[in-house]
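Notes follow once the structure below has been shown.
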Amino acid sequence: MENIYLPEMAVVQEIKEETPQIRTLTIKMAKKQARSVLPGQFMELTIFGSGEFPVSVAAVLNPEATLIQTTIQQVGKATRETARLTPGSKIGIRGPFGNGYPLEAMQGRNICLVTGGVGLAAARQLINYIVANRNRFGEVILLHGARTPGDLIYKDFLFNAEDAHRNNISISVTVDQPDQNWNQTIGPVTELFKKVRVEADNTVAIVCGPGKMMNNVCAGLAQMGLPDDQILLALESRMHCGMGVCGHCAVGYKKVCVDGPIFAYGEVKNNLEKLI
Amino acid sequence: MDKVIRKHDFLKLLFADLKEKYHIIGPTRKGGGTSTYAYPTFDDIDRAIDLEMGYTTTMGSLKKLYFPDNEALYQYQRVGTEVELVNLRQAWDKEKVILGLHPCDISALAVLDKVFGLDQYYTDKRNKSLIIGLTCDSACSRGFCSSVNSGPDAQSGFDLLLTDIGDGYFCRSGSERGERLLSLEYFKAAAPEDIQARAKKLQKTEDELKGRFSLDEVTSALAEKYNDSLWDEFADKCYTCGACNMVCPTCTCFTINEKAKGDHSQGKRVVVWDSCHFERFAQMAGNFNLREEKKSRFKHRIYDKFHFSLVRQGKVSCVGCGRCADFCPSHIDIREAMSRL
Ligand SMILES: Cc1cc2nc3c(=O)[nH]c(=O)nc-3n(C[C@H](O)[C@H](O)[C@H](O)COP(=O)(O)OP(=O)(O)OC[C@H]3O[C@@H](n4cnc5c(N)ncnc54)[C@H](O)[C@@H]3O)c2cc1C
Ligand code: SF4
Ligand code: SF4
């Protein structure tokens, strides 16, 4: 009989220090995934001895989906323990879970990604997908914000002008608190709205970041005329099972783990209980 | 198929036959002795004499049998650089017969089936269960099954459904397994008087039920009144103790806990029941809590039972057993909320 809570064993193959608090793990799984891992889906990682937590799949590195990347911010009991992982460490993994982005509906549209902090990780696999299928999308812009320059993840992606040009993606970055070397925008990510023009009727916005940031961003996007169903949010409620059973991520009649984590802003806004 | 069985045959012959093949679970009185509190509850039954078929309600529901309040999922052990996993979940070795389950609790199993349907350990236990239900002899003091269409009669979810008609039980089958049981020689054909006696019994129970409300009115009022001041009043009385969740046959929220040795070399992951009334239940990053206010947590339980479940599954998930009102230290009674909506 299958024990749905039993994780598969996996090995940490490589670790990249993004910031002092955030690491990107390259994880190798023994078995080929039964399902393909869609952009926007997540996995449950187990750090044996500390706990299990949901994490977005930031990249899938091979067609068999046995090699994936996740970017983890150390906030609590289990995530902090990821600081002690070394290449070769054994961890547990379950998934993939969740709905993923509605790729069909996004085809042919302009894409405006707005991310904050480690929220960029949740959009990263989607960005990879867009790059690999670039001609299926219109204009693509990424607006990203972090607290300080030291909190920025994926710096070699964010500041690689050559790749951005080749992939035809426009990338703008802002920080709340600059250091002496910072010569780009200062302020919350909504500051960057002043610099871009978004074609309201043909753009899909992808929003991912802390709850408060998502609220402000949605308000800003609505002001620019974007309809609620063209704003897609990635939510990160606390959850334990990832499969719609445990009840923690239930908000109103939505369950973030199975109905989400990707929601149209309209669904979120019209929910009786507030989702963000 | 309808039949009748004499009580004497039920307790002697049927019980003995069932015991040969099944592990028997039924209503029985627990506590007493060192504890001052004695209460009917579902437990293993070895002797027919321990059955308390005339019980009105039990403290805990049957959910614990299928959804244990403390279930070890697996164990991990570090051996050098390797980690070994051992599955700790346990399947039943023997089929069980559940005797004397009331209609509200039979309906509750259908709610559990929807939640846990993807878990093979759960479905295996359900498939290994023979349900012999029992309609209530009299209404319980805080139940409202007739308002939520889960009693006093049951239409499905059982193999056999008994009704006490005096010197015997009226038996209605609800499955092929139930029908096969009814072909045993001590079940006799039901006479027209028996059918009448059953109907009379159920009518009596229905008449005794107090605080009936219209489910349609309540569910549409809920959709409108999410921000009503009524909820402040209820939340103000609530201690957020979670007792209602624990005794509820359809509350299924849980947490998976880590039980690790100090050096992390070995440990288990364990499912324990949780409560949406607890403050950290919907806690998220950045000091953000989906339901920080006590009121929104109180509403979440009520709405989950009567509104969200309706939108999601087309059916309310409260079965009207009244246990939450029986065990609330603040005497909060759902019926009062419903009648004031
Ligand atoms: C679908 C989904 C995708 C996610 N993707 C990523 C990702 O790509 N990278 C990443 O770093 N994090 C991600 N998270 C958040 C991550 O799961 C939490 O940070 C993690 O569960 C915290 O576990 P812990 O044991 O370290 O914290 P705990 O010790 O349990 O709690 C410590 C702190 O973290 C908060 N917390 C607990 N659970 C969550 C949660 N689910 N979300 C946010 N905060 C929480 C607590 O409120 C507390 O303040 C994602 C969450 C979800 C639901
Ligand atoms: S909410 Fe109360 S009355 Fe309804 S099923 Fe749960 S315990 Fe019974
Ligand atoms: S039992 Fe009563 S006091 Fe306790 S959490 Fe439930 S409603 Fe609140």
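A note on names: the letters A, B, ... follow the listed sequences, proteins ahead of strands, and every chain is numbered from 1.
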Inter-residue atom distance [X].[atom1] - [Y].[atom2], 0.5 Å rounding:
{"X": "A/Glu44", "Y": "B/Ile256", "atom1": "CD", "atom2": "CD1", "result": "7.5 Å"}
{"X": "B/Asp274", "Y": "A/His248", "atom1": "CG", "atom2": "NE2", "result": "4.5 Å"}
{"X": "A/Glu2", "Y": "B/Tyr121", "atom1": "CD", "atom2": "OH", "result": "9.5 Å"}

If you count heavy atoms of other groups shown closer than 6.0 angstrom to [atom1] of [X], is the number above 12?
{"X": "B/Lys237", "atom1": "NZ", "result": "yes"}
{"X": "B/Gln313", "atom1": "CD", "result": "yes"}
{"X": "B/Arg340", "atom1": "CZ", "result": "yes"}
{"X": "B/Glu95", "atom1": "CD", "result": "yes"}
{"X": "A/Arg84", "atom1": "CZ", "result": "no"}
{"X": "B/Lys114", "atom1": "NZ", "result": "yes"}
{"X": "B/Lys268", "atom1": "NZ", "result": "no"}
{"X": "A/Lys90", "atom1": "NZ", "result": "yes"}

Quick check on [X] against chain B: is it the side chain, the backbone, both or neither that has a heavy atom closer than 4.5 Å?
{"X": "A/Lys77", "answer": "side chain"}
{"X": "A/Met243", "answer": "both"}
{"X": "A/Met9", "answer": "side chain"}

Looking at B/Cys251, B/Cys253, B/Gly117, which makes the most heavy-atom pairs under 4.5 Å with chain A?
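Top option by heavy-atom pairs under 4.5 Å: B/Cys253.
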
Among the listed options B/Leu88, B/Thr252, B/Asp124, the residue most often paired with chain A at heavy-atom distances under 4.5 Å
B/Asp124

Please determine whether side-chain contact (heavy atoms from CB on, under 4.5 Å) holds for the pair A/Tyr5 and B/Asp119, giving the CA-CA distance in whole Å, both sets of side-chain angles, and the decisive distance to 0.1 Å.
CA-CA 9 Å; A/Tyr5 300 102; B/Asp119 181 357; 4.0 Å; yes

Kindly indicate, with the supporting measurements, whether the criterion side-chain contact (heavy atoms from CB on, under 4.5 Å) is fulfilled by B/Val115 and A/Val245.
CA-CA 6 Å; B/Val115 177; A/Val245 192; 3.9 Å; yes

Shortest non-hydrogen contact from [X] toward [Y]:
{"X": "B/Arg280", "Y": "A/Arg238", "value": "O-CD, 4.5 Å"}
{"X": "A/Gly49", "Y": "B/Ala260", "value": "O-CB, 3.5 Å"}
{"X": "A/Gly247", "Y": "B/Phe281", "value": "O-CE2, 3.4 Å"}
{"X": "B/His300", "Y": "A/Gly252", "value": "CE1-N, 4.5 Å"}

Less than 4.5 Å to any heavy atom of chain A: does that hold for the side chain of [X], its backbone, both, or neither?
{"X": "B/Asp263", "result": "neither"}
{"X": "B/Phe254", "result": "both"}
{"X": "B/Val83", "result": "both"}
{"X": "B/Leu73", "result": "both"}
{"X": "B/Ser296", "result": "backbone"}

Please lay out, stage by stage, how B/Glu258 and A/Ser50 fare under the test side-chain contact (heavy atoms from CB on, under 4.5 Å).
CA-CA 7 Å; B/Glu258 186 77 28; A/Ser50 307; 5.7 Å; no

Check the angle between the aromatic planes of A/Phe48 and B/Tyr76 and answer parallel, tilted or perpendicular using the 30° and 60° thresholds.
tilted

Return the option, out of A/His240, A/Gln73, A/Lys254, with the maximum number of heavy-atom pairs under 4.5 Å with chain B.
A/His240

Please assess A/Ile4 against B/Gln120 for the test side-chain contact (heavy atoms from CB on, under 4.5 Å), listing each intermediate value before the final yes or no.
CA-CA 8 Å; A/Ile4 50 175; B/Gln120 290 178 13; over 6 Å; no

Does the side chain of B/His264 come within less than 4.5 Å of A/Glu81's, by heavy atoms?
yes

